[in-house]
Amino acid sequence: MSIRVLFLLVLSLVSTSAFTKPSMTIVYYDSFPPYSFRDENGNMAGIFVDIADQVLQEKMGIPIIHKGYPWARAQKMVELGEADAFITVATQARREYTDTSSTPVIIGPMNLFVNPSNSNLTQIEHVQTTDDLSPFLILDYQGNNWGNQHFPEDNFRRLLTSNLSNALTMLAHGRGDVIATDKIVADYLMAKLSLQGLIVELPIILAEVEFSLCIGKSSPFNTLLPEFNRQMALFRLQGHIETVLANYR
């Protein structure tokens with residue numbers, strides 16, 4: 001091989017490397033459907049993944065690597081700088097080691113779900129706030145921080161199970177009065193469990209939970225948040241959020 005050909009080959013490799021964009025690693029809770037979960041091939045899927053792909057990768061041109069872990073480990077990876085970002089509720093504790101988007105990725109409405117044959121249905125239909133739920137047996141699941149904050153055991157009767165799927169099944173069988181939970185998650189699970197008709201959703205939104213893009217303070221990608229906020233707002237304005245959600249109903 002001539003020196004000229006070797007030089008051109010090396011130059012080509014260096015040029016390709018120089019213009020290859022670094023990938024942003026986003027970590028997720030790998031068992032939080034429909035927001036983030038593993039598909040049948042073991043790859044990360046869900047609403048968070050779809051929005052990250054469409055906004056960060058397609059709109060902003062940033063290559064994304066999606067990885068799923070138990071939630072505590074995923075958060076620790078961002079805190080230690082082993083991953084760039086996650087999408088979640090931007091609590092004060094998480095703000096200590098991440099910069100967060102001011103435009104939410106998704107907003108989860110906290111709605112009420114009841115069994116239509118419940119003898120307390122008329123009273124539950126008049127509920128307007130979380131405090132109004134104190135007379136009823138609330139079904140919930142272990143590790144639900146929103147439930148822990150809003151339904152302290154001194155003031156509420158709450159029956160805990162291992163996960164929301166079990167709580168919904170119990171509600172369908174009349175083993176509790178009400179579930180207050182994220183509508184997006186509940187709708188997805190009720191469809192999967194064939195519980196439509198056995199559970200009804202009341203037109204009451206108790207709260208709205210915002211999920212934000214949280215980028216580690218040590219990540220080189222934390223400078224992209226202003227552009228992400230702009231693109232995310234445009235994505236929502238153009239109705240693309242609803243298009244994504246429609247895939248998980």
Notebook entry, point to check: F235 vs H240 aromatic rings, parallel, tilted or perpendicular, using cut-offs 30° and 60°?
Noted result: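 Taking H240 first and then F235, their aromatic rings sit tilted (interplane angle of 30° to 60°).
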Roughly how far apart are [X] [atom1] and [Y] [atom2], rounded to 0.5 Å?
| X | Y | atom1 | atom2 | result |
| --- | --- | --- | --- | --- |
| I87 | T100 | CD1 | OG1 | 12.5 Å |
| F228 | K59 | CZ | NZ | 13.0 Å |
| L213 | I26 | CG | CD1 | 6.0 Å |
| S101 | I215 | OG | CD1 | 8.0 Å |
| Y35 | Y28 | OH | OH | 14.5 Å |
| T161 | R175 | OG1 | CZ | 8.0 Å |

Over all heavy atoms of both residues, which pair between [X] and [Y] is shortest? Give the atoms and the distance, please.
| X | Y | value |
| --- | --- | --- |
| F151 | A180 | CZ-CB, 4.0 Å |
| G176 | L171 | O-CD1, 3.7 Å |
| D84 | V78 | O-CG1, 4.1 Å |
| Y188 | P33 | CE2-CB, 3.5 Å |
| M24 | A85 | CE-CB, 3.7 Å |
| P63 | P22 | CD-O, 3.7 Å |

Item checked: Non-neighbouring partners of K183 that pass salt bridge (Lys or Arg N to Asp or Glu O under 4.0 Å), sequence neighbours left out ->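 Testing K183 for salt bridge (Lys or Arg N to Asp or Glu O under 4.0 Å), a comparison that skips the adjacent residues, returns D187, E201.
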Counting C-beta onward and ignoring hydrogens, is there a side-chain heavy-atom pair between [X] and [Y] closer than 4.5 Å?
| X | Y | result |
| --- | --- | --- |
| S134 | N155 | no |
| V105 | S212 | no |
| I107 | I241 | no |
| M110 | V209 | yes |
| L133 | L206 | yes |

Is there a path from [X] to [Y] through hydrophobic residues (I, L, V, M, F, W, Y) whose side chains come within less than 4.5 Å of each other?
| X | Y | value |
| --- | --- | --- |
| V127 | I205 | no |
| V178 | L159 | yes |
| V200 | L189 | yes |
| L234 | F211 | no |
| L164 | L160 | no |

Next item on the list: Take L224 and L56 through the test side chain to side chain contact (heavy atoms under 4.5 Å, CB included) and record every step on the way to the result.
Entry: CA-CA 9 Å; L224 61 76; L56 287 165; 4.1 Å; yes
Margin query: Taking V55's backbone N and O only, do any of them form a donor-acceptor pair with Q231's side chain (distance below 3.5 Å, no angle check)?
Written below: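 Flag not set: sc Q231 to bb V55 has no pair under 3.5 Å.
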Check: Can any side-chain N or O of R38 pair as donor or acceptor with the backbone N or O of G68 at less than 3.5 Å?
Finding: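 Here the side-chain-to-backbone pair exists.
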Notebook entry, point to check: Taking it one step at a time, do F113 and T181 satisfy side chain to side chain contact (heavy atoms under 4.5 Å, CB included)?
Noted result: CA-CA 8 Å; F113 297 85; T181 195; 3.9 Å; yes
Margin query: For S117, give me all partners under side chain to side chain contact (heavy atoms under 4.5 Å, CB included), at least two apart in sequence or on another chain.
Written below: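 Here the qualifying residues are N115.
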Item checked: Y29 and T88: CA distance, side-chain angles, deciding distance, side chain to side chain contact (heavy atoms under 4.5 Å, CB included) verdict -> CA-CA 10 Å; Y29 180 20; T88 189; over 6 Å; no
Only distances under 3.5 Å count here; give the side-chain donor-acceptor pairs of residues 118-125 to other protein atoms, sequence neighbours excluded, each with its distance to 0.1 Å.
| residue | atom | partner | partner atom | Å |
| --- | --- | --- | --- | --- |
| N118 | OD1 | N120 | N | 2.6 |
| N118 | ND2 | D177 | OD1 | 3.0 |
| N120 | ND2 | D177 | OD1 | 3.2 |

Check: Under the salt bridge (Lys or Arg N to Asp or Glu O under 4.0 Å) rule, what pairs show up with a residue in residues 148-169, not counting sequence neighbours?
Finding: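 Every pair satisfying salt bridge (Lys or Arg N to Asp or Glu O under 4.0 Å) with a residue in residues 148-169: D140-R158.
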Next item on the list: Check the surroundings of atom NZ in K217: do more than 12 heavy atoms from other residues, nucleotides or ligands lie under 6.0 Å from it?
Entry: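 Enclosed: over 12 neighbouring heavy atoms sit under 6.0 Å from NZ of K217.
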Item checked: Test log, rule side chain to side chain contact (heavy atoms under 4.5 Å, CB included), inputs W146 and V89 -> CA-CA 11 Å; W146 189 88; V89 178; over 6 Å; no
Next item on the list: Examine the side chains of E79 and Q75 and answer whether a donor and an acceptor come within less than 3.5 Å of each other.
Entry: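 No - no donor-acceptor pair under 3.5 Å links their side chains.
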Item checked: With sequence neighbours excluded, residues passing side chain to side chain donor-acceptor pair (under 3.5 Å) with N247 ->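 Applying side chain to side chain donor-acceptor pair (under 3.5 Å) to N247 gives none.
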Distance-only criterion, 3.5 Å: show the donor-acceptor pairs between side-chain atoms of residues 40-54 and protein atoms not counting sequence neighbours.
| residue | atom | partner | partner atom | Å |
| --- | --- | --- | --- | --- |
| D50 | OD2 | Y248 | OH | 2.6 |
| D53 | OD1 | H66 | NE2 | 2.7 |

